[in-house]
Amino acid sequence: MTAQEITLQIEEHFGSAWKGSGDGFKAGDPKTAVTGIATAWTPTFDVLRQAVKAKQNLIIAMHGPYWATEGGGGGGGRGRTSARITGAAPAAAARPAARPANPPPALVVESTELYGDKKKFIQDNGLVIWRFNENWQSLPGQHRLRGLAAALGWQGKEDAAATELIAPVGGAVYSVPASSLGDFSGGIKRRRGLRAMRVLGDPSAKIARVALRPGYLLTPDAIRLVRNTKVDAVVCGETCEWEAFPYFEDWVTAGMGKAFIMLGYAVSEDPGAEAMATWLKQLLPTQNISAVACGEPFQVAKV
Amino acid sequence: MNSFQTISRRQFLRATALTGAAAVLARRLPAQAASGPMTAGQVIDLMKAKMGVKWNEDSYRDTVKGGDVATPVTGVACCFMSTLDVLQRAHQAGANLVVTHEPTWWSDPDTLTDQVIDDPVYGVKRDFIEKNRMVVWRQHDHWHLVRPDPFSTLQIKLLGWEKYAASADSRSYKFPPTPVKELAATIAAKLESRSVRIIGDPEQRVTIVGRGSHTLDGNMRGLTGEAEAIIVSEAREIDSIEYVRDLNASGKKRALILVSHQTGEETGMTVYTEWLQGILPGMKVVNIKTNDRMWIA
């Protein structure tokens with residue numbers, strides 16, 4: 001089967017529910033005969049190498065290969081962070097902020113040596129990259145979220161009524177064995193083998209009820225996660241340190257919550273790539289399909 | 001800072017009477033202003049007039065975020081970010097005008113959506129501001145245009161890196177060969193952060209170190225020259241961090257030292273405090289540290 005035939009089969013599974021979005025081919029020739037499929041959160045250079053080693057030439061990922069610049073916005077732009085990522089109000093964002101009189105011209109991704117190197121690797125190895133993000137997230141069953149919950153050992157601990165409140169923003173509520181924040185976060189760190197998970201809150205605070213939401217968290221979703229869910233802590237991937245993060249600082253200072261944990265964006269999404277591979281295997285049982293973890297990109301500053 | 005001009009409030013009123021723009025400002029001052037305490041609006045107008053930067057009235061960032069500008073000022077608190085914790089400590093310090101570099105209401109334009117207004121955390125914070133007759137004013141865009149850059153002058157001094165500065169704007173350094181992890185540890189110790197992270201090889205010995213930015217554009221630019229490492233205050237994983245990870249995977253050894261936004265910019269508002277003390281000599285002006293409250297598990 002060609003890459004195009006495979007992705008058409010995926011789209012047909014959705015039927016009329018398939019929605020136009022940034023999903024689609026981001027690199028390579030869709031007419032390439034597929035030898036195997038690798039799923040990943042984002043197609044890092046290392047993910048591509050591992051896929052080649054496993055003889056998988058179709059990469060299905062939540063992002064394109066060029067650092068989220070596909071489809072405009074999301075980086076490379078002139079702003080502090082794109083409106084797409086920060087969720088800044090369009091009306092306000094349209095008003096200019098003060099800028100230096102002669103800003104340097106924007107450096108486009110395509111002009112960098114790394115872009116050329118990665119593009120060449122994709123071409124030399126006949127790889128095809130297909131973005132599967134908004135549609136993947138729209139599937140019933142919250143595979144991405146439940147994949148992360150299972151990786152944390154929280155399956156079966158879900159509070160269905162509270163989860164219903166935050167399912168529209170991709171979250172779920174879990175009752176975990178009561179422990180101190182220090183023990184709770186230490187447990188996640190050991191279980192997932194993390195180095196640089198960031199935590200806000202008093203290490204002695206008791207944690208028993210947690211809202212979980214993989215990925216990058218915007219303020220409107222942050223507010224939603226703690227509204228009427230009566231959670232002690234929120235666990236997510238990443239957030240903006242001058243938007244949703246101070247919301248959680250204030251939530252903790254006001255005594256309404258106790259802790260906020262950032263696993264890291266990649267760390268929070270790798271289990272979702274496993275869930276994607278599992279889902280694809282049911283749809284394409286004869287294909288060689290497996291997930292490739294991006295892994296944690298961070299080290300900590302210990303001497 | 002020594003480079004900022006110091007004048008008394010009375011001198012300011014006399015001096016500003018001479019210029020057109022300031023005459024507009026003076027007309028807005030109530031008649032009794034010369035004897036009574038200054039209002040928040042007057043202090044804000046003074047800061048705008050004295051910053052030495054052409055004011056952009058279209059800035060959606062540098063505006064009043066809470067309180068009534070007619071409120072008499074008991075003291076001014078300058079901070080990186082007006083978190084509830086900072087507002088509480090500003091109030092304890094006897095200051096009711098808060099000058100914050102970053103947002104109050106959890107979005108860059110401080111948009112008060114229905115969702116925010118209905119939120120209990122918003123209620124607590126707004127009530128605290130109102131009950132204590134506080135005024136919050138954001139100062140972001142214009143302070144970033146002041147030169148020498150107040151966000152690097154004090155920071156580089158605290159880091160002890162003045163002797164390594166390799167460019168006039170202090171955005172490039174030349175060190176004796178030093179492991180990246182040592183530079184990161186110095187930043188963590190001197191700027192009091194527990195959340196400093198490294199992308200790349202912590203053992204890599206580097207000489208030329210630059211500064212990146214919040215954006216992929218700024219970080220690609222920082223790494224296109226001869227810099228072996230860049231120091232970055234908050235950047236997104238999906239663009240900047242994965243770019244640097246790929247750069248290393250492609251065979252180009254480069255490191256990125258990632259500090260929290262607060263760690264990167266807190267000292268800029270300490271400098272602001274010193275500047276404001278200089279132009280408001282009779283007023284209580286304090287610096288309230290936001291602090292990096294994140295820790296690594």
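Reminder, nothing fancy here: chain letters follow the sequence lines and each chain counts from 1.
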Which bit of [X] comes within less than 4.5 Å of chain B, counting heavy atoms only: side chain, backbone, both or neither?
{"X": "A/R49", "value": "side chain"}
{"X": "A/T42", "value": "side chain"}
{"X": "A/E296", "value": "backbone"}
{"X": "A/M256", "value": "side chain"}
{"X": "A/D250", "value": "both"}

Closest approach of [X] to [Y] (non-hydrogen atoms, all atoms of both residues):
{"X": "A/W67", "Y": "B/D239", "answer": "O-CB, 3.5 Å"}
{"X": "A/S185", "Y": "B/W295", "answer": "OG-CH2, 3.7 Å"}
{"X": "A/A196", "Y": "B/R197", "answer": "CB-CD, 3.9 Å"}
{"X": "A/T112", "Y": "B/M220", "answer": "CG2-SD, 3.7 Å"}
{"X": "A/P297", "Y": "B/E237", "answer": "CG-OE1, 3.8 Å"}

Checking [X] side chain against [Y] main chain: does a donor-acceptor pair fall under 3.5 Å?
{"X": "B/E234", "Y": "A/E241", "result": "yes"}
{"X": "B/E102", "Y": "A/W242", "result": "no"}
{"X": "B/R236", "Y": "A/T239", "result": "yes"}
{"X": "A/T253", "Y": "B/L84", "result": "no"}
{"X": "A/Q299", "Y": "B/D201", "result": "no"}

Is any side-chain heavy atom of [X] less than 4.5 Å from a side-chain heavy atom of [Y]?
{"X": "B/H261", "Y": "A/F245", "answer": "no"}
{"X": "B/R293", "Y": "A/F248", "answer": "no"}
{"X": "A/Y216", "Y": "B/I238", "answer": "no"}
{"X": "A/F298", "Y": "B/I199", "answer": "yes"}
{"X": "A/M197", "Y": "B/I296", "answer": "no"}

For this session: Would you check, one step at a time, whether the test side chain to side chain contact (heavy atoms under 4.5 Å, CB included) holds for B/D85 with A/E249?
Result: CA-CA 8 Å; B/D85 174 57; A/E249 284 196 273; over 6 Å; no

Under 4.5 Å from a heavy atom of chain A, the part of [X] involved:
{"X": "B/V196", "result": "both"}
{"X": "B/T224", "result": "side chain"}
{"X": "B/I257", "result": "neither"}
{"X": "B/M294", "result": "both"}
{"X": "B/P120", "result": "both"}
{"X": "B/D292", "result": "neither"}

Seminar exercise, completed: From the list B/L87, B/D118, B/V86, B/V124, the residue making the most non-hydrogen contacts under 4.5 Å with chain A is B/D118

Would you indicate whether [X], at its atom [atom1], is surrounded by more than 12 heavy atoms from other residues, nucleotides or ligands within a distance under 6.0 Å?
{"X": "A/D124", "atom1": "CG", "answer": "yes"}
{"X": "A/E110", "atom1": "CD", "answer": "yes"}
{"X": "B/K289", "atom1": "NZ", "answer": "no"}

Problem set entry | Winner by heavy-atom pair count (cut-off under 4.5 Å) against chain B, out of A/A222, A/G182, A/G201 | A/G201

For this session: Give me the contact list for residues 226-238 of chain A versus chain B, heavy atoms only, anything under 4.5 Å, ordered by residue number.
Result: A/R227, A/E238

For this session: Residue by residue, scan residues 241-253 of chain B and write down, ordered by number, those that have a heavy-atom distance under 4.5 Å to chain A; if none do, write 'none'.
Result: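 Residues in range: B/I241, B/E242, B/Y243, B/R245, B/D246, B/L247, B/A249, B/S250, B/K252.
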
